[in-house]
There are 2 protein chains.
Amino acid sequence: MTTKPPADPRRPLTLRDVSEASGVSEMTVSRVLRNRGDVSDSTRERVLEAARTLGYVPNKIAGALASQRVNLVGVVIPSLSNLVFPEVLSGISQELEETGLQPVFGVTDYNQDREEAVLYEMLSWRPTGMIVAGLEHSDAARAMLQNAGVPIVEIMDVDGEPVDSVVGISHKRAGLEMARAIVKAGYRKIGFLGTKMPHDHRARKRLEGFEAGLAEAGLTLADTEFYSGGSALLKGREMTEAILKRSPDLDFLYYSNDMIGAGGLLYCLDKGIDVPGKLGLAGFNGVDLLDGLPRRLATMDACRREIGRRAAAIIAGRSESGLVGGERIELSPTIQLGDTIRRTS
Amino acid sequence: MTTKPPADPRRPLTLRDVSEASGVSEMTVSRVLRNRGDVSDSTRERVLEAARTLGYVPNKIAGALASQRVNLVGVVIPSLSNLVFPEVLSGISQELEETGLQPVFGVTDYNQDREEAVLYEMLSWRPTGMIVAGLEHSDAARAMLQNAGVPIVEIMDVDGEPVDSVVGISHKRAGLEMARAIVKAGYRKIGFLGTKMPHDHRARKRLEGFEAGLAEAGLTLADTEFYSGGSALLKGREMTEAILKRSPDLDFLYYSNDMIGAGGLLYCLDKGIDVPGKLGLAGFNGVDLLDGLPRRLATMDACRREIGRRAAAIIAGRSESGLVGGERIELSPTIQLGDTIRRTS
DNA sequence: AGCCCCTTTGATTGCGCTATCACCACGTAT
DNA sequence: ATACGTGGTGATAGCGCAATCAAAGGGGCT
């Protein structure tokens with residue numbers, strides 16, 4: 001059988017073209033290409049051959065409309081330049097790999113209006129499920145998610161009221177526990193260095209938890225320093241220099257993330273400051289960048305990849321088994337003292 | 001006017017629901033929601049009000065099928081854990097922001113089979129255009145891209161034959177120029193440290209260019225060291241230690257990326273090695289991480305954000321103006337000598 | 001032979017939307 | 001008066017596919 005080329009070479013191919021080329025009905029072609037229903041081996045071969053030589057690519061738009069099923073999972077995150085989120089995405093991708101589901105990413109830049117727009121856009125493709133970073137959304141966004149009629153998983157954070165399911169860690173508790181560890185190690189004059197992003201709710205919660213932990217020991221933050229934008233490592237250096245110049249008697253610096261913490265550590269080593277004797281340091285995240293530093297920064301693992309995996313599993317699982325949802329998974333970040341907190345043992 | 005709730009509360013809303021709630025035809029609702037055609041202000045208000053209170057979200061699947069237009073741009077990259085690609089994505093996002101086009105990302109893990117699968121999946125959504133990292137694809141993948149009938153932009157690399165348009169830098173030339181700079185600075189016993197990924201064609205081309213540059217001065221690589229996986233910073237340390245132990249007389253180390261270069265730099269500073277006097281170092285990429293290091297590593301900017309922007313602009317531009325395509329944009333990375341190459345001046 | 005059952009294939013319908021054209025009610029020009 | 005726009009609206013058809021049911025072609029059984 002000769003495969004005749006389509007009439008108009010620039011007209012996109014359809015099932016009909018494959019059907020004509022292989023001499024069977026469109027329905028049978030559809031069945032072959034989706035591996036669904038019984039088709040004899042001989043026709044299957046013929047159809048696949050025709051599809052291959054034509055270079056046919058199915059039109060999922062039409063397929064999705066007809067079947068009311070879409071293999072997409074919307075993933076909404078605040079940023080890509082954070083190093084944290086790519087790892088979450090990676091966990092999601094990995095878990096979804098074998099399910100036939102496809103993640104689609106959207107970035108909000110920590111901006112609620114952008115988030116609303118991205119959610120609207122994504123929901124308009126009628127995805128199988130949504131994974132959204134954080135629990136804080138505009139009312140309109142919450143309403144959209146609630147009405148979407150598909151599983152919603154909010155990730156990263158568990159301190160708040162989820163729309164549906166939630167997978168994350170308690171950033172409040174993370175801050176609290178780090179404060180306790182620092183106090184226990186004997187540090188008393190403690191400074192905080194972080195970002196100036198009012199919409200990074202997780203950083204805010206860590207700070208709140210941290211202050212609560214200090215309060216347990218009757219302490220308050222001795223000084224704080226904030227930044228925004230730029231190379232985090234460099235900012236860590238600069239902020240550390242600034243805060244130590246202003247408050248030379250600090251004996252501990254808590255950084256809101258590992259990158260600025262690493263910058264601070266490099267600064268202290270440069271200056272020959274005795275770490276952790278005279279000055280202790282800690283960050284947050286457990287990025288593996290830290291493994292390469294001259295000294296291991298104290299930190300707390302945020303379970304990023306695991307969060308992605310579990311969230312994806314909920315979507316994937318729920319899309320098969322018609323579960324009702326509302327799962328709540330709180331992971332426990334483990335504190336790693338590294339070499340920048342005095343060991344009290 | 002009271003907006004009656006939909007009959008079945010779990011049935012997804014359609015244009016018909018909004019049309020009934022607002023007392024106009026579906027067509028008029030469609031026009032209002034897309035801001036197309038003339039609609040009187042009073043009806044527009046009524047329709048928007050109804051849509052808002054119902055919480056209607058349009059179904060783009062149906063819309064795309066009917067209009068044969070899809071506002072998606074497929075973006076295919078090899079990895080997210082590389083720090084380089086998130087920046088490219090960021091450039092793409094930014095450029096696409098105002099065009100109504102939406103990027104959709106797919107990750108191949110430097111695997112040609114995965115790439116083929118991801119391309120097939122993406123093309124089946126009939127995107128407005130595709131941005132694909134690299135020029136090396138399987139025959140099937142090339143064929144798919146060629147037949148897609150939409151603008152294709154291959155990015156990062158210009159050393160090869162593009163399917164359609166291409167935006168990137170010459171990695172061969174980047175390697176070559178770095179080699180020349182190193183030779184000119186007087187280094188002679190030069191080692192290379194890189195990844196063991198046979199499918200990272202850009203790293204390979206840089207190495208080829210680099211060796212060609214050495215050859216101009218009658219030199220060859222004195223030693224090489226490869227790694228795969230793990231924390232790049234730590235690997236940089238370990239590899240540097242290994243290669244220097246094996247070949248203590250090396251006077252320069254060229255790293256295939258900045259992260260391992262940074263690890264190497266930290267190692268050398270730890271060991272008190274005279275950089276750049278006794279030993280010169282250079283990386284590749286110009287990641288802003290380097291700004292925070294104790295000494296600035298020599299490197300070469302890969303124009304990542306710019307590449308993303310230009311690629312997106314081609315898609316956006318071509319989707320309006322029915323241009324024919326085939327653009328070729330070669331950006332020029334600038335060498336930054338930093339503090340780890342001797343200044344010959 | 002007549003029956004049933006199973007496998008394989010095809011015809012029809014509709015998913016939710018937009019393109020297109022038709023239509024109506026007004027003006028305004030001729 | 002007739003013709004002709006023009007802003008506003010609705011009716012109809014169809015995008016490319018999959019769900020569904022109908023039908024055709026074999027066996028194997030009584």
### Query
Does a side-chain N or O from A:Ser40 land closer than 4.0 Å to OP1 or OP2 of C:dT7, or not?
no

### Query
Atom CD of A:Glu20 and atom C1' of D:dG16: how far apart are they, to the nearest Å?
14 Å

### Task
Quick one: list whatever passes side-chain hydrogen bond (donor to acceptor under 3.5 Å, both in side chains) with B:Asp159, sequence neighbours left out.
B:Ser170

### Message
According to salt bridge (Lys or Arg N to Asp or Glu O under 4.0 Å), does anything in residues 50-60 of chain A pair up with another residue at least two apart or in another chain? List the pairs.
### Response
A:Glu49-A:Arg52, A:Lys60-B:Glu121

## Note on the structure
Applying side-chain hydrogen bond (donor to acceptor under 3.5 Å, both in side chains) to B:Ser19 and not counting sequence neighbours gives none

N/O contacts under 3.5 Å, protein versus nucleotides 5-7 of chain D?
none

### Angle between terminal axes - the helix from C:dA1-D:dT30 to C:dT30-D:dA1, 5 pairs each end, rounded to 10°
50°

#### Entry: side-chain hydrogen bond (donor to acceptor under 3.5 Å, both in side chains) against A:Arg304, all qualifying residues, sequence neighbours excluded
A:Glu87

## Note on the structure
A:Arg36 atom CZ is separated from C:dT7 atom C1', nearest whole Å, by 19 Å

### Query
Does anything in residues 103-114 of chain B pair up under salt bridge (Lys or Arg N to Asp or Glu O under 4.0 Å), and if so which pairs, sequence neighbours excluded?
A:Glu97-B:Arg114

### Nearest-0.5 Å distance, CZ of residue B:Phe85 to CD1 of residue B:Ile92
10.5 Å

### Task
Kindly state each residue pair satisfying side-chain hydrogen bond (donor to acceptor under 3.5 Å, both in side chains) with at least one member in residues 133-144 of chain B, sequence neighbours excluded.
B:Glu115-B:His137, B:Glu116-B:Ser138, B:Glu136-B:Lys205, B:His137-B:Glu154

### Query
Sequence neighbours excluded, which residues qualify as side-chain hydrogen bond (donor to acceptor under 3.5 Å, both in side chains) partners of A:Thr43?
A:Ser40

#### Entry: Reported CD1-to-CE distance for the pair A:Ile307 and A:Met156, which is rounded to 0.5 angstrom
5.0 Å

#### Entry: Whole-Å gap separating C1' (C:dT7) and CG (A:Asp41)
12 Å

### Message
Taking salt bridge (Lys or Arg N to Asp or Glu O under 4.0 Å) as the cut-off, I'd like each qualifying pair that reaches into residues 21-32 of chain B, sequence neighbours left out, listed once.
### Response
B:Arg16-B:Glu26

### Query
Listed by chain and number, what are the salt bridge (charged side-chain N to carboxylate O under 4.0 Å, His left out) partners of A:Arg44, not counting sequence neighbours?
none

### Message
Can you tell me if B:Thr28 touches the phosphate of D:dT9, counting only side-chain N or O atoms and a distance under 4.0 Å to OP1 or OP2?
### Response
no

What pairs of nitrogen or oxygen atoms, one from the protein and one from nucleotides 16-18 of chain C, lie under 3.5 Å apart?
{"from": "C:dG16", "atom 1": "OP1", "to": "A:Gln68", "atom 2": "NE2", "distance (Å)": "3.3"}
{"from": "C:dG16", "atom 1": "N2", "to": "B:Ala62", "atom 2": "O", "distance (Å)": "3.3"}
{"from": "C:dC17", "atom 1": "OP1", "to": "B:Tyr56", "atom 2": "OH", "distance (Å)": "2.2"}
{"from": "C:dC17", "atom 1": "OP1", "to": "B:Asn59", "atom 2": "N", "distance (Å)": "3.4"}
{"from": "C:dC17", "atom 1": "OP2", "to": "B:Leu15", "atom 2": "N", "distance (Å)": "2.5"}
{"from": "C:dT18", "atom 1": "OP1", "to": "B:Arg34", "atom 2": "NE", "distance (Å)": "3.3"}
{"from": "C:dT18", "atom 1": "OP2", "to": "B:Ser30", "atom 2": "OG", "distance (Å)": "2.4"}

